Amino acid sequence: MIEPVIEIIGFTKIYESLTAVDRLNLNIEEGDVFGLIGPNGAGKTTTFRFLATLLLPTRGIARIAGYDVVRQVRDVRRSMGYMPDSFGVYYGMRVWEFLDFFAASYGISRYRRRRIIDDLLELLDLGHRRNDAVQALSRGMTQRLCLAKTLVHDPPVLILDEPASGLDPRARIEIKELIRELRSMGKTILISSHILHELADICTHVGFIEGGKLLAAGDLQRILEEIRSHQILEIRVIGAERREMERALGDNADVTDIRCDNGVWVVDFTGDDEAQAQLLASLLERGITVQEFHQRRVNLEEAFIKITRGEVT
Amino acid sequence: MRLRPLRQSPTLAALRRAPGFLVALLHPRNIPTAVGAIRMTLRVLRESARRVWAMGRAVAENPIVTKELGEIFQTRRAVILFALFLGLLGLTIYAAWPRGDLLLSNIDVVARRLVTVVGTTLLALICLLAPAFSAVAITGEKERRCFESLVTSGLSSKGILLGKLIASLVFLVMLIITATPMLSLCLLLGGVSPGELLGMFLLLLEAALGFTVLGLTASCIFERNNAAIGASYIIALPLMAVLLTMAWQGGLFSPGISMELLLVSVVITFFILSIFSRTTVRPRESRPSEEETAWSQRQTGLVLDRDLIPDRWIAPPRRKDLLPDGANPVLSKEIHSELIGQGTLMLRLIIQIGLALAVVPFTLLYFIGAPAWFFSYIAIFALLIAPTFTCGMFTGEHENRTFSLMATTLLRPRQIVMGKFLTGARLVLLLLGILIAPTLPALAYAHLSFIRGFTLGEFILCLVICLLWALALVALGLMWSLISRRTTTALVATYLTGGAILAGPLLIHAVVMSFPALPDAWAGVALPLSPLSHLFAIAPGEMSEVLFPAEGMTVSGGGGGLLFLSGALIATALALGAMTLGHDWVWRRWRGLGEA
Ligand SMILES: Nc1ncnc2c1ncn2[C@@H]1O[C@H](COP(=O)(O)OP(=O)(O)O)[C@@H](O)[C@H]1O
Ligand SMILES: [Mg+2]
């Protein structure tokens with residue numbers, strides 16, 4: 001088995017009476033982009049700060065690139081780039097000075113710094129703001145600048161705490177593009193958000209955390225497929241007999257469950273789009289007047305947790 | 001009963017007829033008018049009473065007052081402070097209480113001294129604490145970004161200011177009130193009349209009000225806690241020195257003057273309140289920093305020019321190229337930080353005020369021959385300015401939420417501590433240098449025995465004492481900044497501890513010498529700690545003795561001065577070492593506390 005790049009074992013953090021994170025276990029392998037999803041106050045930031053060597057755990061251990069985050073602090077810092085969920089910038093510094101400061105703080109030689117700053121400014125599309133004061137940047141640019149800061153020492157692991165929060169849709173897309181690019185560079189990325197939707201197209205794996213507990217975690221692609229194959233159809237018919245409807249639906253091999261909710265038939269369906277069309281056709285054939293026939297929008301989070309329940313706990 | 005119709009208010013009409021008012025009342029024709037007048041008066045009185053009552057209720061229900069009082073009394077610290085304060089007060093009174101072997105005629109004098117000492121100490125405490133409480137009242141809300149919501153909460157500006165004023169005052173007033181029973185004990189001794197004691201309380205209340213208003217005003221004017229606190233202390237400390245000197249000389253006991261001062265401060269209070277409630281207690285639209293700089297430049301009439309001297313020394317020109325290898329990134333960051341750059345505007349204001357104030361010591365130095373006063377001035381000036389630069393250096397990283405960015409790099413504690421220390425030391429020494437530079441020509445005169453009995457060696461020794469004292473203060477401020485959670489706390493703590501080291505030993509000396517019950521040997525125990533006593537020992541000058549009335553508050557000559565120098569050096573080095581070693585440990589204390 002491959003050694004996980006990020007490994008959390010039984011992490012628990014208790015603030016006075018509040019358990020912010022409760023016995024969290026997580027393994028993230030090299031090259032994964034792991035999205036940690038949870039509402040505000042779920043414990044995402046607490047977990048990330050622990051990994052970033054900023055927080056001592058009440059219980060539990062974690063390793064990043066094989067180094068213990070409590071005991072081998074400098075090694076961990078060298079192999080990880082951390083972007084906090086909220087952060088300030090040093091007033092009065094210019095963009096290149098900001099990056100220069102952090103690069104020098106990681107002990108990078110001046111010769112290499114010159115290259116790194118140029119490359120990062122280009123990668124993050126900040127080249128034209130190179131000489132601007134950092135506090136004059138827009139929120140989206142500040143976020144990109146901070147991302148650049150986490151990359152100055154070229155760490156194999158990135159820990160990004162809600163990098164897209166508070167951004168407008170366009171800036172959000174830019175950040176996503178960047179993360180995709182970082183992924184293609186082979187970085188292992190741990191990223192958080194309060195909505196799955198935001199991360200769905202950049203993550204390889206996701207986990208759901210709520211009230212300090214990791215509810216579910218797994219391979220996003222596999223689970224999305226499973227979700228896609230479990231559809232819910234809502235059918236509204238006019239004047240059809242209940243028994244006739246039950247027979248018509250029950251005859252179809254892809255239908256796994258039928259309920260009738262206030263005159264709307266709710267059908268669990270495992271077939272593909274073509275099978276759906278056939279189901280509709282069969283209803284019409286039987287002379288049933290179908291007023292409405294559509295696929296219910298699935299709540300990704302709910303479906304995900306439903307499907308993966310039992311895998312984690 | 002029908003009243004005779006009146007064209008004007010019966011009250012006014014009746015009053016207009018005064019002084020024959022009473023006579024008129026008795027005239028049968030006027031009785032209905034008089035009854036009307038009395039009724040009107042009663043109604044006016046009732047209305048006024050209702051208004052006062054409503055105002056009182058508004059104050060009591062002012063959400064700011066309730067919120068802040070809740071905050072004050074929730075903390076255990078307030079209780080501990082009170083207990084400590086009362087304990088100290090009791091101890092002082094007990095120690096100074098006349099013992100049996102005193103002559104009866106002496107008891108009066110002792111009682112008076114006792115009240116003077118306690119009153120002066122209280123006054124000092126109030127002067128020191130009041131600006132600390134009120135200077136952050138408005139700026140604190142601004143820094144916590146609660147200001148907008150406070151202003152838009154429906155409270156009027158006057159309500160906000162009044163609430164803040166009362167909330168900052170309550171603690172001080174309680175301090176004064178809790179001291180009452182103990183002080184009243186002194187009445188038993190005779191020598192002090194209840195009227196005089198009352199006068200003293202009024203004076204204390206005025207001082208509390210005056211200094212609170214001062215802090216509040218600074219809080220309205222400035223945008224940041226540091227600036228507001230720095231500015232209010234820079235004004236408050238000299239004022240305080242004057243007040244304390246007056247109090248020490250018995251000025252505590254004259255109710256007439258106190259009443260006057262009280263009225264004046266109340267008038268000023270409301271004057272300032274009304275001014276600022278109209279203009280300042282309103283959120284400024286947030287503007288980018290460059291505009292803000294331009295704004296503050298317009299406000300202060302000061303323009304920072306990084307290419308000119310001395311601005312260039314204080315805020316060096318921007319770097320053109322990458323940091324050299326092996327340079328300390330923190331040092332470079334701090335030196336170029338906007339805090340210092342922007343603070344420079346305030347700084348120059350301070351320098352200018354400082355230079356203006358220095359005219360007096362200069363005169364003393366050159367014409368009266370009391371160089372010690374000049375150096376004392378420098379030592380006090382160092383105390384005034386050092387904390388404003390150093391106290392925000394660690395806490396600022398939290399307050400500006402840059403902490404976690406820096407904390408996850410590979411910077412070593414040594415780099416961080418030294419970077420910050422060197423920046424602070426450089427600035428403070430520079431400013432002192434600017435202050436001292438004009439005296440260098442005096443060196444030449446010193447050779448010509450212009451200042452009799454003050455040699456070159458002594459001049460240099462005094463200079464070095466002042467500079468090392470400043471260095472130690474920089475380390476002290478950094479220390480507090482490292483262990484405090486907020487810049488405000490660090491600032492107040494540094495002013496208090498620094499002030500205690502500077503003036504405490506002299507105060508102890510004065511107190512001990514005032515009371516026969518205390519052994520004289522205690523008087524000099526703490527003196528070697530204060531740079532002031534060394535300065536006066538080394539450079540007494542002809543007039544120093546006259547101007548520095550408490551004789552014997554000095555430690556013996558140059559040897560003591562050298563001792564102080566090495567002490568200050570060692571203390572600074574120890575502080576730096578402790579900060580380097582404890583740095584990570586202290587940060588761990590914050591770990592998990594969040595940054596907000
Ligand atoms: N320093 C602290 N002291 C007390 N409670 C805290 C502290 N930091 C976080 N918490 C609590 O821990 C819980 C998890 O917070 P956090 O990890 O920031 O959540 P998230 O990032 O998922 O929004 C919250 O309920 C929060 O109130
Ligand atoms: Mg968070």
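Here is the naming used below: chain letters follow the sequence lines, and residue numbers restart at 1 for every chain. The figures that follow rest on heavy atoms only: side chains count, while hydrogens, waters and symmetry mates do not. As the structure is a prediction and not an experimental result, all values here were calculated from the model.
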- Could you give me the CA-CA distance, side-chain angles and deciding distance for A/F102 and A/F98, then say whether ring pair (Phe, Tyr, Trp, His ring centres under 6.0 Å) is met? CA-CA 7 Å; A/F102 284 104; A/F98 189 79; 5.0 Å; yes
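Under 4.0 Å is where a charged nitrogen must lie from a carboxylate oxygen, and between A/E162 and A/K44 at least one such pair does. Salt bridge B/E397/B/K333: present, at least one basic N to carboxylate O contact under 4.0 Å. At a threshold of 4.0 Å, the pair A/D100-A/R110 does not count as salt-bridged, since none of the basic side-chain nitrogens sits closer than that to a carboxylate oxygen. A/D118 has no carboxylate O lying under 4.0 Å from a charged side-chain N of A/R115, or vice versa, which leaves the two without a salt bridge.
For the side chain to side chain contact (heavy atoms under 4.5 Å, CB included) criterion with A/R63, the lone passing option out of A/I9, A/L51, A/V70, A/V5 is A/I9.
Between chain B and the residues A/R78, A/E97, A/R114, the largest count of heavy-atom pairs under 4.5 Å involves A/R114. Between chain B and the options A/W96, A/Y82, A/Y111, the largest number of non-hydrogen pairs under 4.5 Å is found for A/W96.
Of the atoms belonging to A/V76, not a single heavy atom falls under 4.5 Å from chain B. Within the 4.5 angstrom heavy-atom criterion, no atom of A/F50 approaches chain B. Contacts between B/N328 and chain A at a heavy-atom distance below 4.5 Å are absent for every atom of the residue. Contact annotation for A/I117: only side-chain heavy atoms (C-beta onward) come within less than 4.5 Å of a heavy atom of chain B. Contact of A/R94 with chain B is made through the side chain alone, with heavy-atom distances under 4.5 Å.
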